[in-house]
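What follows is one structure encoded as structure tokens, with my remarks underneath.
Lettering follows sequence order; numbering is per chain, from 1.
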Amino acid sequence: MGGLFEDVEDEIYREKRVLKEGHQPEKILERDAEIEEYKHALTDALFGRSPDNIFLFGKAGVGKTAVTNYVLSELQAEAQRRDTADPIHVTKVNCNNQSVYSTVRHLVNSLRPSDASSFPKKGPSTADAFEELYARMDELGGTHLFVLDEIDHLSDPDPLLYEFPRARANGHIDRAKVGLIGISNNYTFRNTLSSKVKSTLMEHEISFSTYDASELQTILSDRAQRAFIDGIDVETAISACAAFAAKDDGSARQAIDLLREAADVAQKNGSTMVTADHVETVREEVNRGQLRDKIDDQTLHAQLVLEAVARQQRADSKPVRTTRVQDRYEAVANAWGYDHLTSLKSIQNHLDDLHMLGFLIRSDENKGQQGGRSYRWEVDMTVETLIEAREEIEQQTPSID
DNA sequence: GATCCACAGGAAATAGTGGCTT
DNA sequence: AAGCCACTATTTCCTGTGGATC
């Protein structure tokens, strides 16, 4: 009598994890120019000078994080090799949904010895947190590189971005040196910063372009070589994934997701060949999943506003003005059984946010006395897919606690 | 050129949450 | 327990806009 899983073998994978989210490749392909620029910006750190601040822009899945990890670990390795150099401390924070205070707190905790208690979540003022951070930095000495990932999610980042580059000049720190590395996938974020911050902080702007099909092909081939056992034919699937992802959003993440899911389907069918057909069958599901995750990250009312735009746009088959969004939003909220927000301004706030995040396209309209000035909104994606994604989200979260 | 529409956009107030210090 | 403090989301209140119309 065999066990349930007895006949299951991993027929096609050698190392599936290289196709999974969060895998850090040991070599970075197709980003040579960016790496070179990065390296150049950081060389000061090796010679005990204050490093330049760096800002990285580029859409999700174009290698910002992977390149950062790679370059910084190389930098640290090199600093160790030359023991004349100051120690280099790298600290990473994800600013997603965080405030300046909690970001600073996170940095403080990272610099504290591991046995020390962590800095209070609430209570001290932001200035207290900064003070503590400066003390820690000085204590450790050397050069501190702070990586602020998703920095555009920070509400009111100006104080943070203004404080740091000046910490030394203002005498807050004495021994230590600081460099900031900001990462953002939001190009408009750049314009929301005050000009004084821009000039000091963006000493180096490295912009990551999206991958084209041939670049994606290179990356996928490399991953596939390690992910699959010999004798598995993935060539046609790779071309299909590369072509599709290049046309869609140029992200390596998407291309890799596609390949992985397609390979899973092939495996299930007992095939040793992953084909373009397999890619085709998973394409819609992968897309929908990615969109659903992005939407699910938004707050409830932001989601409802987005859904309202989509539904009204479907009904009118044209971009929707703000007040019509509001009406539809109230209906949508009621339909799902939620209380709705009452002010037009709230809707405007959410629409603005959604626009900044790339969910919505905005256009101006001004009909003078016959209608005044207003914005028109439309979703930057397929209306149907969006509505379906929203319905799925509602179904998987029947209650909110 | 003044006026007017229908909002946009910014500042500040308010409400609610949660946690610290004393 | 009282008094702070910070954060978020929302609302209130205000001034500003740009083009069509008078």
Could you label the plane-to-plane angle of the A/Tyr375 and A/Trp377 rings as parallel, tilted or perpendicular, counting under 30° as parallel and over 60° as perpendicular? perpendicular
Kindly indicate, with the supporting measurements, whether the criterion side chain to side chain contact (heavy atoms under 4.5 Å, CB included) is fulfilled by A/Phe130 and A/His172. CA-CA 9 Å; A/Phe130 269 111; A/His172 295 303; over 6 Å; no
Look at the side-chain N and O atoms of A/Ser374 and state whether any lies under 4.0 Å from the OP1 or OP2 oxygen of B/dC7. no
With a non-hydrogen cut-off below 4.0 angstrom, is A/Ser346 in contact with a base, only sugar-phosphate, or nothing? base
Taking any heavy-atom pair under 4.0 Å as a contact, classify A/His340: base, sugar-phosphate, or nothing. nothing
Contact under 4.0 Å: A/Tyr375 side-chain N or O vs B/dA6 OP1/OP2: no
Atom-to-atom span, CG of A/Leu344 to C1' of C/dT10 - whole angstrom: 13 Å
Please report the distance, rounded to the nearest Å, between CG in A/Asp364 and P in B/dG9. 8 Å
Respond yes when some side-chain nitrogen or oxygen of A/His350 is under 4.0 Å from OP1 or OP2 of C/dT10, and no when none is. yes
In whole angstrom, what separates A/Trp377's CH2 from B/dC7's P? 13 Å
Describe the nucleic acid contact of A/Asn349 in one word from base, sugar-phosphate, nothing, applying a heavy-atom distance below 4.0 Å. base
In whole angstrom, what separates A/Glu330's CD from C/dT10's C1'? 14 Å
note: A/Asp339, atom CG; C/dA9, atom C1'; distance rounded to Å ~ 14 Å
Going by ring pair (Phe, Tyr, Trp, His ring centres under 6.0 Å), name the pairs with one or both residues in residues 261-291 of chain A, residues two or more places apart or in two chains. none
Which whole-number value in Å describes the distance from A/Ile347 CD1 to C/dT12 C1'? 15 Å
It should be established whether A/His301 places a side-chain nitrogen or oxygen under 4.0 Å from OP1 or OP2 of nucleotide C/dT10. yes
What is the distance from CZ of A/Arg324 to P of B/dA6, rounded to the nearest Å? 15 Å
Anything under 30° is parallel, anything over 60° is perpendicular, the rest tilted; go ahead and classify A/Tyr13 against A/Phe228. parallel
Report the distance from atom CG of A/Asp352 to atom C1' of C/dA9, rounded to the nearest whole Å. 15 Å
Do any side-chain nitrogens or oxygens of A/Thr342 fall under 4.0 Å of OP1 or OP2 in C/dT10? no
May I ask you to decide if the ring planes of A/His40 and A/His204 are parallel, tilted or perpendicular, using 30° and 60° as cut-offs? perpendicular
Identify whether the distance between the nearest side-chain nitrogen and carboxylate oxygen of A/Arg324 and A/Asp316 falls below 4.0 Å. yes
Answer yes when A/Arg168 and A/Asp174 have at least one side-chain N-carboxylate O distance shorter than 4.0 Å, and no when they do not. no
List the protein contact pattern of nucleotides 14-22 of chain C with one symbol per nucleotide (5' to 3'): B for base contact, S for sugar-phosphate-only contact, - for none; contact means a heavy-atom distance under 4.0 Å. ---BBBSB-
Hey, which of these two, A/Lys345 or A/Thr323, hits DNA chain B nearer its 5' end, going by closest nucleotide? A/Thr323
